Every structure is written in structure tokens, then in C-alpha cells.
Amino acid sequence: MLKIFTPIRRSLKKSFDNIRNEQLKYNLLQAIPFWIGSVITGFVAVMYAKMFAWGEKLLEIILHWHDWMIFIIAPIGFVLSWWLVKEFAPNAKGSGIPQVMAAVELANPKEHTKIRSLLSLKIIVFKILSSVILVIGGGAVGREGPTIQIAGSIFRKVNEYLPHWWPKISKKNMIMTGAAAGLAAAFNTPLGGIVFAVEELSKTHINYFKTALFTAVIIAGLTAQTFAGSYLYLGYPKTNDVSLMVMFPIVLVAGIAGIMASQLSVTMLKMNDWKKRKLKTDRSNVIFLVVCALFIASIAYFINREVLGSGKEIMQRVLFTQDKHEDWYVPILRMLGPALSFTSGGAGGIFAPALTAGASIGSVISGAIHLTPNESNVVILGGMVAFLTGITRAPFTSAIIVLEMTDRHSLIFHLMLAGMVSSIASILVSRHSLYDVIKVNFLAEIRKED
């Protein structure tokens, strides 16, 4: 094997040595790790997306065969997902975005060794396994947040494997760039990845790493497109011939979605605190997980199966079919499912479930006030931005992500309005985002262990 690569290595070294410009050589050496990390991230993101989609499809096949099977697979999925994380990679639980935020904060000379507990190869493996098992069990989780932690882990490992003579690269910039590349590959939203890095992760001036950030996002996105094809996460909903008056229902939906998303965040944080205080043993945790799983299974069996999974099919239906208006209780179910799944202790993100919850709120309200199908689509998209903003407190990231996943550039002002209103409304419930609070908890645990 080494004999095959030796001529290639020699040829590359000869070409590199022929470059006379020392600054160009230095810049190339600085860029190569980002390129390598981006290619690996794009490939892993696509493979993970396929596994996640396979898990959702398997759940669908099982329930089509016998819908009562949900009472068996839900408890098994919830418990197994939690156990894998607890036993092998405790910091792989949940979304993964707070872990990346904590890693960015730890990327300083005094604490950088602590990052490996948040970003590692082991995290990648058990993040994927736990989240796929949870979604097979009916967990209402997404893969986008986990992809960001996976990408951060890939970039950290690439940086770690560089030889000692290689020009030093900022660990913080490497992690932030990896996170942006991960989001870009997960949603096929390059601008969303860049804005996410700046709005959610970066506390330094973007000039320090803008070139690396842009190239990493481009390469990761192109790699993902190479394996998955050029695609939109959702598609092209019809939004033409909509009057300016649609801004009023957008403001209404955004305010409601922002408050409900912030309340969901507070509820999930309280559930996590309660679990830490009350569930001290493995037995008590298993009992809690079985009860949660059976509760979700009962809702799916007796009321509505839409409580299960990431909810992407709900977004596709309300945006691209005539069946645009959900029943009044669906938004409640789409918050209840993520609340129980996200706090289970297994791996799984909340990006896609948050978008689904927002879409269902927009769907219900647009039906209640009798909007046209195209107006309903605009309000539904506004609800998606608003609910995601209420969770993340990143209105620009939320607006750009929804804009790119639907290619509706004419709605940029509508979506930014939804994000802004939601950002203001969500503060009425809680000043801090879900990710910020969980990040602080991770930092406290890691520093306490040290």
C-alpha cells in the first residue's frame, strides 16, 4: 500500500518545492488541513444523512407492517440510544451544537486539552449510532446538530494529526470552520453555514479566518453534492402573487412561535435539571425512558403518528400539496415529541424538529385566517424561521437556512422580519438560548472534572 503512495508523495513534494514564493507555500500549508477536513466532512455528512433516512424509512416500514410495534421499538430505541451514549461517549448526548460552542470557548492555551472530551472519533461513532437508533425508535430528533459536532470532531482530528513542523493553525478557527462546513453539508446551505459560524460561534473578528471559512464551506458543500447530487433540502414552494399584507400574519405567527419555542427550551432545561436531581441510578433512568417512549408511542398509535421522527414529511406536505392546514393540536405534539426525545440522554438534534414545529404553527394559523395557498406557504416559512430563532436566538442564521433550503430569495425580508419578531418575543420567556445554557453546563462539568 505504501509503495502505491510513495511516487505520489514524491511528485507532490517535488511540485511543492518548485514553488519559489515562500508566502504562497505557507498559505498552502495553512489551507490544506481545511480542505482535507472539508472533503471528509462532506462525505461523512452524506453517509450520515443516508443512514438517518434509512432509520426513518425502517420505522415507517415497521409501522406499516404492524402499527402496534411502536410500543416495542420505542422503549428499546430510547433506552439503547441513551445507554450507548452513557457508556461510551457521555458528551455525544443531545444536539452537539452546545458541545461545539463549549469547545470553541475551551480553545485557549490553558484548556485546549479538554476539547477532546467534546470532539473526538469516539464522539463521531456514537453520535451517529445513538441518533439513528433513537429515530428508529420514533424519537423526534434531527441530524443537523449532530452533523455539526461530527464536523467539529473531524476538523479537530485533522489538526491534531498534523506533523510538528507544519505551520500552527488556530484550534478555535479550525473548530468553527468545521462547524460551518458541517451545517453547510447537512442542509446544503453554504451561506447558512457561514452566517452560523459568525452569529452563533464566533467572538473574534471574521477577518482572522474568513478565507478558511469560505473555502471549507464550499468544499464540504461540493463534496456533499458529489455524493448526494445537487438538491434543495425542501424544494421550491409557490410564493408568487402574495401581497404586502401577508406581513401581518407573519408577525402574528412569528410572535407566537418565538414564545412557544422559548417556552419549549425552558421546559427541556427544567426536565434536564429534574433528571439530574431525581434520577441517580441507571434503573431510574431506564424507567423514565420507557415511560417517555410509551407515552410517545401511545400518542402515535391513538392520536397522530406525526409526533414521531424529524418531521420533514410534514414540512414537505404543507408546502407542496393542497393539504396545507394541520389540526390545532399538531404543533403541541411537535413540541412534545422533541421535548421527550431531546432530554432522553441519547444523541439527536433539534434543528429539523424546530423547523417542523414552526411549520405546523404557520399551517394552523394560516388555515384559521383563511389565507390562499401561496400566502399560507409564506406564513409557514415564516413560522419555520421564527421557531428555529426561538430555540437558537440566531435570527439571521435561521432566515438564511430557510431561504437556501427553499430557494425563495424574494422572501428574504419576510423571513428576516419573522426572525426579528421571534427574537424579541422569545426574550419575554427567557433571555438565554437553549444552546447557551447547555453550553455553560458542559463547561461547568468539564472544568469540575479537571
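Everything numeric in this text was worked out from a predicted model, so none of it was measured.
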Would you say the side chains of [X] and [Y] form a donor-acceptor pair under 3.5 Å?
{"X": "Lys172", "Y": "Asn108", "value": "no"}
{"X": "Ser426", "Y": "Arg393", "value": "yes"}
{"X": "Ser120", "Y": "Ser153", "value": "no"}
{"X": "Ser398", "Y": "Thr389", "value": "yes"}
{"X": "Asn188", "Y": "Gln225", "value": "yes"}

Can you tell me how far [atom2] of [Y] sits from [atom1] of [X], rounded to the nearest 0.5 angstrom?
{"X": "Ile256", "Y": "Ile365", "atom1": "CD1", "atom2": "CD1", "answer": "3.5 Å"}
{"X": "Glu144", "Y": "Ile148", "atom1": "CD", "atom2": "CD1", "answer": "8.5 Å"}
{"X": "Ile128", "Y": "Ile150", "atom1": "CD1", "atom2": "CD1", "answer": "4.0 Å"}
{"X": "Leu269", "Y": "Asp436", "atom1": "CG", "atom2": "CG", "answer": "10.5 Å"}
{"X": "Ile62", "Y": "Ile72", "atom1": "CD1", "atom2": "CD1", "answer": "10.0 Å"}
{"X": "Ser265", "Y": "Met335", "atom1": "OG", "atom2": "CE", "answer": "11.0 Å"}

For the side chain of [X] and the backbone of [Y], is there at least one donor-acceptor N/O pair under 3.5 Å apart?
{"X": "Ser298", "Y": "Leu294", "result": "yes"}
{"X": "Gln149", "Y": "Gln99", "result": "no"}
{"X": "Lys275", "Y": "Thr343", "result": "yes"}
{"X": "Lys324", "Y": "Val318", "result": "yes"}
{"X": "Ser363", "Y": "Glu326", "result": "yes"}
{"X": "Thr223", "Y": "Gly42", "result": "no"}
{"X": "Lys127", "Y": "Ala92", "result": "yes"}
{"X": "Ser130", "Y": "Ser81", "result": "yes"}
{"X": "Ser422", "Y": "Ala418", "result": "no"}
{"X": "Ser423", "Y": "Met420", "result": "no"}

Identify, with sequence neighbours excluded, every residue that meets salt bridge (Lys or Arg N to Asp or Glu O under 4.0 Å) alongside Lys86.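 Only Asp282 meet the salt bridge (Lys or Arg N to Asp or Glu O under 4.0 Å) criterion with Lys86.
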For Arg305, all residues meeting salt bridge (Lys or Arg N to Asp or Glu O under 4.0 Å), sequence neighbours excluded: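 Not a single residue meets the salt bridge (Lys or Arg N to Asp or Glu O under 4.0 Å) criterion with Arg305.
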Of Phe71, Trp68, Phe295, which is the lone residue that meets ring pair (Phe, Tyr, Trp, His ring centres under 6.0 Å) with Tyr301?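 With Tyr301 as partner, ring pair (Phe, Tyr, Trp, His ring centres under 6.0 Å) holds for just one option, Phe71.
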Take Phe288 and Trp274 through the test ring pair (Phe, Tyr, Trp, His ring centres under 6.0 Å) and record every step on the way to the result. CA-CA 11 Å; Phe288 171 78; Trp274 178 83; 5.8 Å; yes
How about [X] and [Y]: do any of their side-chain heavy atoms sit closer than 4.5 Å?
{"X": "Pro395", "Y": "Met416", "answer": "no"}
{"X": "Leu118", "Y": "Leu106", "answer": "yes"}
{"X": "Ile123", "Y": "Arg156", "answer": "no"}
{"X": "Val286", "Y": "Trp82", "answer": "yes"}
{"X": "Met245", "Y": "Glu375", "answer": "no"}
{"X": "Ile296", "Y": "Phe78", "answer": "yes"}
{"X": "Met247", "Y": "His414", "answer": "yes"}
{"X": "Leu319", "Y": "Leu381", "answer": "yes"}

Salt-bridge present (Glu60, Lys57; N to O < 4.0 Å):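 The answer is yes: the pair qualifies as a salt bridge.
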Hey, is Glu56 close enough to Arg143 for a salt bridge, meaning N to O under 4.0 Å?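 Looking at Arg143 together with Glu56, the answer is no, because their closest N to O distance does not fall below 4.0 Å.
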Closest approach of [X] to [Y] (non-hydrogen atoms, all atoms of both residues):
{"X": "Ser344", "Y": "Leu134", "value": "OG-CD2, 4.1 Å"}
{"X": "Pro353", "Y": "Pro338", "value": "CB-CG, 3.7 Å"}
{"X": "Thr397", "Y": "Gly192", "value": "CG2-O, 4.1 Å"}
{"X": "Gly37", "Y": "Ile154", "value": "O-CG2, 3.9 Å"}
{"X": "Ala89", "Y": "Phe126", "value": "CB-CB, 4.0 Å"}
{"X": "Ala151", "Y": "Gly182", "value": "CB-CA, 3.5 Å"}

Tell me if the [atom1] atom of [X] is crowded by more than 12 foreign heavy atoms within 6.0 Å.
{"X": "Leu244", "atom1": "CG", "result": "no"}
{"X": "His64", "atom1": "NE2", "result": "no"}
{"X": "Lys122", "atom1": "NZ", "result": "no"}
{"X": "Arg431", "atom1": "CZ", "result": "no"}
{"X": "Arg317", "atom1": "CZ", "result": "yes"}

Determine, step by step, whether Ile70 and Leu308 satisfy the side chain to side chain contact (heavy atoms under 4.5 Å, CB included) criterion, reporting the C-alpha distance in whole Å, the side-chain angles of both residues, the deciding distance to 0.1 Å, and the verdict. CA-CA 10 Å; Ile70 189 64; Leu308 305 174; 4.0 Å; yes
For Phe320 and Lys238: C-alpha separation, side-chain torsions, deciding distance, then whether side chain to side chain contact (heavy atoms under 4.5 Å, CB included) applies. CA-CA 8 Å; Phe320 302 107; Lys238 294 179 180 178; over 6 Å; no
Trp83: what forms a side-chain contact (heavy atoms from CB on, under 4.5 Å) with it, not counting sequence neighbours?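 Once residues adjacent in sequence are excluded, the partners of Trp83 under the side-chain contact (heavy atoms from CB on, under 4.5 Å) criterion are Leu80, Glu87, Phe88.
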Side chain to side chain contact (heavy atoms under 4.5 Å, CB included), that's the test. Do Met268 and Ile350 meet it? Break it down for me. CA-CA 11 Å; Met268 290 192 291; Ile350 201 166; 3.3 Å; yes
Should the pair Phe155 and Phe34 be assigned to parallel (<30°), tilted (30 to 60°) or perpendicular (>60°) ring geometry?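 Tilted.
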Checking Lys312 against Tyr233: charged group under 6.0 Å from the ring centre and within 45 degrees of the axis?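 Geometry flag: set, cation within 6.0 Å and 45°.
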Going through the distances and angles, do Phe342 and Leu434 end up as a side chain to side chain contact (heavy atoms under 4.5 Å, CB included)? CA-CA 11 Å; Phe342 192 73; Leu434 174 69; 3.9 Å; yes
